[in-house]
Amino acid sequence: ISIKADNLELGMEAFKSGDYKTALYFFKPLAMKGDYKAQGRLGSVYHELGQYADALNYFKLSLDGYTNSGNENDTFVAFVRNGLGLAYKGLGNYPKAIEHSKWVLAFRLKNYGEDDFIAATARNNLGMVYSDLGEHRKAIKFLKLALESYVKILGKTHSYIEIVRNNLGLSYFAINDYSEALKYYEIALTNRQVGHNDGHGYVAIIHYNIGRVYEALHDYPKARGHYKRAYKTMKRVFGKDNSTTKQVKSQFDNIANKK
């Protein structure tokens, strides 16, 4: 086994476990030597760290390397372009985010068909970009297609699918379709609680989102119940000074005495 291959594998193991410092340690020396795959992996580490400009830099280096070497259709290029879409989204450059995500979607559909995980991920990413742009009906279209594929590939209760359901709930909430928003949130909550109790941060976020729906429907007792459960967990997991925790507390306080 070559040292290069071994370091890539070690970097991937660290990345998957959330140990980004160790992942950087293994990926960066290879990336600095011009290894296209290591550059792409390093871009992913920086994206997870929220360092979108650094992520963009390494994704671009990786894509340029594959393109200049005549390997622009290598399967790893779809991973790199997916990363570019996410990095551009993080930087607020939505036209570029859409461009790269649409490339990934077209490439994967052509070569692997509808029920492809990366194609589904590209659709989810497009949905989130259009949601950020306020084009919620377009977002819903892409998110529903992503959900359909994910269910076929991963099964109905896979934890990743609940992220898409939550995203659908957010889009329906944005267009004031509260019944559809509630439907997706409640399915996400039920399935998420199979593997996690109310003490999990993601479950708390879904409780908060459900609380917003009930508040919009003027069902304040139910809204307070969900806000209370969300706040209790967020305070423990994220801390009372976290911006999201403060937002939940503020929402609860605003309706504390409403009937």
(request) Would you kindly confirm whether L126 and L168 end up in one hydrophobic cluster when ILVMFWY residues are joined by side chain heavy atoms under 4.5 Å apart? (result) no
(message) Which residue in the set Y66, F59, F27 passes ring-ring contact (aromatic ring centres under 6.0 Å, His included) when paired with Y36?
(response) Y66
(request) Could you tell me if the ring centre of Y52 sits under 6.0 Å from that of Y46? (result) no
(message) Between S62 (side chain only) and Q39 (backbone N and O only), is there a donor and an acceptor less than 3.5 Å apart?
(response) no
(request) Take F15 and R41 through the test side chain to side chain contact (heavy atoms under 4.5 Å, CB included) and record every step on the way to the result. (result) CA-CA 9 Å; F15 179 81; R41 295 298 185 191; over 6 Å; no
(message) Quick one, T244 and M234 - any side-chain contact, counting heavy atoms below 4.5 Å?
(response) yes
(message) If you define the side chain from C-beta out and look only at heavy atoms, does anything of L189 sit under 4.5 Å from H207?
(response) yes
(request) For a side chain to side chain donor-acceptor pair (under 3.5 Å) with Q251, tell me which candidate from R224, H226, K246, E215 qualifies. (result) E215
(message) Could you tell me if the side chain of I161 sits less than 4.5 Å from the side chain of N191, heavy atoms only?
(response) no
(message) Given 3.5 Å as the limit, does a donor-acceptor pair link the side chain of S149 with the main chain of A146, or not?
(response) no
(message) So N125 and M128, do their side chains get closer than 4.5 Å, heavy atoms only?
(response) no
Show the atom names and distances, to 0.1 Å, of all donor-acceptor pairs under 3.5 Å that link a side chain in residues 252-259 to residues at least two apart or in another chain.
unit_1	atom_1	unit_2	atom_2	d
D253	OD1	K249	NZ	3.3
D253	OD2	K249	NZ	3.0
N254	ND2	S250	O	3.2

(request) Report yes or no: do L109 and F79 belong to one cluster of Ile/Leu/Val/Met/Phe/Trp/Tyr joined by side chain heavy-atom distances under 4.5 Å? (result) no
(message) If hydrophobic clusters are built by linking Ile, Leu, Val, Met, Phe, Trp and Tyr wherever their side-chain heavy atoms come under 4.5 Å apart, do I210 and V164 end up in the same one?
(response) yes
(message) Using modelled atom types and a 3.5 Å cut-off, is there a donor and acceptor pairing between side-chain atoms of T121 and backbone atoms of F117?
(response) yes
(request) Report whether V104 and L91 are members of the same hydrophobic cluster (ILVMFWY, side-chain heavy atoms less than 4.5 Å apart, transitive linking). (result) yes
(message) Quick check: is V80 connected to I98 through a chain of hydrophobic side chains (ILVMFWY, heavy atoms under 4.5 Å apart)?
(response) no
(request) Would you please indicate if the ring centroids of Y208 and Y227 are separated by under 6.0 Å? (result) yes
(request) Report the C-alpha distance between K141 and E135 in whole Å, list the side-chain angles of each, state the deciding distance to 0.1 Å, and finish with yes or no for salt bridge (charged side-chain N to carboxylate O under 4.0 Å, His left out). (result) CA-CA 10 Å; K141 171 188 170 184; E135 298 182 45; over 6 Å; no
(message) Check this for me, if you would: do E148 and R123 make a salt bridge, where the nitrogen-to-carboxylate-oxygen distance has to be below 4.0 angstrom?
(response) no
(message) For a 4.5 angstrom cut-off between non-hydrogen side-chain atoms, does Y130 reach L143?
(response) no
(request) To the nearest 0.5 Å, tell me how far L147 CG sits from I163 CD1. (result) 12.0 Å
(request) Check the pair I140 / I175 against side chain to side chain contact (heavy atoms under 4.5 Å, CB included), numbers first and verdict last. (result) CA-CA 10 Å; I140 288 167; I175 61 173; 3.9 Å; yes
(request) Could you tell me whether the side chain of L56 reaches within less than 4.5 Å of the side chain of N93, counting heavy atoms only? (result) no
(message) side chain to side chain contact (heavy atoms under 4.5 Å, CB included), that's the test. Do V45 and F26 meet it? Break it down for me.
(response) CA-CA 11 Å; V45 176; F26 286 113; over 6 Å; no
(message) Using modelled atom types and a 3.5 Å cut-off, is there a donor and acceptor pairing between side-chain atoms of Y185 and backbone atoms of L170?
(response) yes
(request) Please work out which of the three classes, parallel, tilted or perpendicular, describes the rings of Y220 and H218, given edges at 30° and 60°. (result) perpendicular
(request) Mark yes when over 12 heavy atoms from residues, nucleotides or ligands other than Y25 sit less than 6.0 Å from its OH; otherwise mark no. (result) no
(request) Quick one: sort the Y172 and Y184 rings into parallel, tilted or perpendicular, breaks at 30° and 60°. (result) parallel
